[in-house]
Q: 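Mind having a look at this structure? Questions to follow.
Chain A is the first sequence line, chain B the second, and so forth, proteins listed ahead of strands; every chain is numbered from 1. Worth knowing before you read on, the calculation uses all heavy atoms, side chains too, and leaves out hydrogens, waters and symmetry mates.
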Number of protein chains: 2
Amino acid sequence: MTSTDPPMTGTDPATGTDPAAPARRRSRQRDTLRAYLTEQDTFRTAQDIHADLRARGETIGLATVYRALQRLVDDGDVDVLRTPDGEAAYRRCATPRHHHHLVCRDCGRTVEVSDPPVARWAEQVARDHGFTDVEHVVEVFGTCAGCGS
Amino acid sequence: MTSTDPPMTGTDPATGTDPAAPARRRSRQRDTLRAYLTEQDTFRTAQDIHADLRARGETIGLATVYRALQRLVDDGDVDVLRTPDGEAAYRRCATPRHHHHLVCRDCGRTVEVSDPPVARWAEQVARDHGFTDVEHVVEVFGTCAGCGS
DNA sequence: ATTCTTGCAAACCCTTTGCAAGCTA
DNA sequence: TAGCTTGCAAAGGGTTTGCAAGAAT
C-alpha cells in the first residue's frame, strides 16, 4: 500500500537493478549461509548462525555473517525481528508477502501467520492521528509445545 | 487474562509485597526521574532522559537512570518498547491497562491505542499452534504531523 | 547504625568498520 | 587484472555491574 521503503538510488526500470550499485560476486561463504538459512525454520541471531556454521566445520567469520545477513535483508530475502531483549534474529521465510510470526522464545521455532485486519487497523489508526510512513511491528512470542515444561 | 508474568518470589497475600525483597528507600534522583516521566508524553531512550535531566541542571548518573527505569518497568509503572534499531525507549503511560502505541519515529510523540481484537487474535493463533505463555508485541511507527515534511 | 542508592569506570554484548589478503569474474 | 569479499581485530554504542562513598530510615 504505502511505499515504506524509498529507494536510495535510482533503479533501472528495465532490469530492476541499480546501475550505480557495485557488481556482485558469488562466494562460498554466502552460498553456505543461504543454504543454512533455507534448511532452518527458526529465527536465529547472527551469533547463533555463526556458531552453528562453525560447529559444522564451516570456515566463516562473524563479520561476514553479519554482512551477508544484512545484504539478504536489504534484498528482502530474509526477515529480521528484534527479540524482546533487543537482539536481531534472522529467518528465511516461506511466505514472500507481508506476514507476522509466532516465535518460540526458547528455541526460535517459528510459525508464519498472516493477518490483513491488523495491517488495516494499523493504517487506520495512524491515519486518524495524522501519522504518515506507517510501519507496524507485530510479533507473538510464546513457548512452543516442544519447549514447554 | 493469561498470567504472563510468573512472580520470581512469593508475594505476601496480605500486603501484596515480597517479604524477601529489600527495603526501598526514596531518593532525590528517583523522584526527579518520576517527575520527568510524568510530564513527558513521548517515548525516550535512557540516554535521552539522562541528557535531558543533565541539561536541566539535575545531577544524576547514567547508571542510576538505567537502574531507576528498570525498577519502574518491573513495577509496571513505565512502558518499554524496542525501537526498530534495537534501543529501549521508556514512557509513563496514562492507560494502566494493556494497550499499544503509535509512535513517531522522529520525535517519539506517542498516542496510546487499545485493540482487544489484536490481543484475542494473538491468543488464538498461539493456542492453535500449541504455544503457551503468550506475549504479543504490537507497535505502530510513523512520522507524526509535526515531524512530517 | 544499617543497608539501600548513587556514581564512576570498567566490563559486557551485539554490531559495525578499517584494512590487507584472498578470491571471483 | 580489477575490484568485490573475507577475516581479524579494533572500534562503536547501548546497557549492566563492581565497588566505595553517600544518603535514607
Q: Angle between the end axes of the helix from C:dA1-D:dT25 to C:dA25-D:dT1, five pairs per end, to the nearest 10 degrees?
A: 30°
Q: Using a 4.0 Å heavy-atom cut-off to protein, can you give one letter per nucleotide of nucleotides 18-25 of chain C, 5' to 3': B if the base is in contact, S if only the sugar-phosphate is, - if neither?
A: B-----BS
Q: Please check if the side chain of A:Arg28 supplies one atom and the backbone of A:Thr59 the other of a donor-acceptor pair under 3.5 Å.
A: yes
Q: Among A:Arg24, A:Arg30, A:Arg34, which one satisfies salt bridge (Lys or Arg N to Asp or Glu O under 4.0 Å) with A:Asp75?
A: A:Arg24
Q: So if I take every side-chain heavy atom of B:Gln70 and compare against C:dC8, D:dT16, D:dC8, which nucleotide ends up nearest?
A: D:dT16
Q: Should we say atom CZ of A:Arg56 is surrounded by more than 12 heavy atoms from elsewhere, each under 6.0 Å from it?
A: yes
Q: Between A:His50 (NE2) and C:dC14 (C1'), how many Å, whole number?
A: 14 Å
Q: Step through the shown structure and confirm whether more than 12 heavy atoms of other residues, nucleotides or ligands are within 6.0 Å of CZ on B:Arg109.
A: no
Q: If I take atom CG in residue B:Asp31 and atom P in nucleotide C:dC4, what distance separates them, rounded to the nearest angstrom?
A: 18 Å
Q: Compare all side-chain heavy atoms of B:Tyr36 with those of B:Glu58 and state whether any distance is below 4.5 angstrom.
A: no
Q: At under 4.0 Å, does any side-chain N or O of A:Gln29 touch on OP1 or OP2 of D:dG7?
A: yes
Q: Decide yes or no for A:Leu33 and A:Leu72: does some side-chain heavy atom of the first lie under 4.5 Å from some side-chain heavy atom of the second?
A: yes
Q: Between B:Thr143 (side chain) and B:Cys147 (backbone), is there a donor-acceptor pair under 3.5 Å?
A: no
Q: Could you give the CG-to-C1' distance, from A:Leu53 to D:dG7, as a whole number of Å?
A: 15 Å
Q: Under 4.0 Å from any atom of DNA chain D, heavy atoms only: list the residues of residues 71-79 of chain A that qualify, in numerical order.
A: A:Arg71
Q: How many angstroms lie between atom CD of A:Glu123 and atom CD of A:Glu135, to the nearest 0.5 angstrom?
A: 11.0 Å
Q: Please lay out, stage by stage, how B:Leu69 and B:Leu37 fare under the test side-chain contact (heavy atoms from CB on, under 4.5 Å).
A: CA-CA 10 Å; B:Leu69 286 171; B:Leu37 289 172; 4.1 Å; yes
Q: Without decimals, in angstroms, what is the distance between A:Arg30 CZ and D:dG7 C1'?
A: 16 Å
Q: Does A:His136 have any ring pair (Phe, Tyr, Trp, His ring centres under 6.0 Å) partners at least two apart in sequence or in another chain, and if so, which?
A: A:His98, A:His100
Q: Would you say B:Val138 and A:Val137 are hydrophobically clustered, going by side-chain heavy atoms of ILVMFWY under 4.5 Å?
A: no
Q: Sort me out a list of protein N/O and nucleotides 11-15 of chain D N/O pairs below 3.5 Å, or just none if empty.
A:
unit_1, atom_1, unit_2, atom_2, d
D:dG14, OP1, B:Glu87, OE2, 3.4
D:dT15, OP1, B:Ala88, N, 3.1
D:dT15, OP2, B:Tyr66, OH, 2.4
D:dT15, O5', B:Tyr66, OH, 3.3

Q: If you compare all heavy atoms of B:Val134 against all heavy atoms of B:Ala126, which two are closest, and at what distance to 0.1 Å?
A: CG2-CB, 3.2 Å
Q: Between B:Ala23 and B:Thr59, who's closer to the 5' end of DNA chain C by nearest nucleotide?
A: B:Ala23
Q: Compile the donor-acceptor pairs under 3.5 Å between side chains in residues 88-96 of chain A and protein atoms, sequence neighbours left out, one pair per line.
A:
unit_1, atom_1, unit_2, atom_2, d
A:Arg91, NE, A:Asp41, O, 3.2
A:Arg91, NH1, A:Glu112, OE2, 2.9
A:Arg92, NH1, A:Asp77, O, 2.9
A:Thr95, OG1, A:Glu112, OE1, 2.6

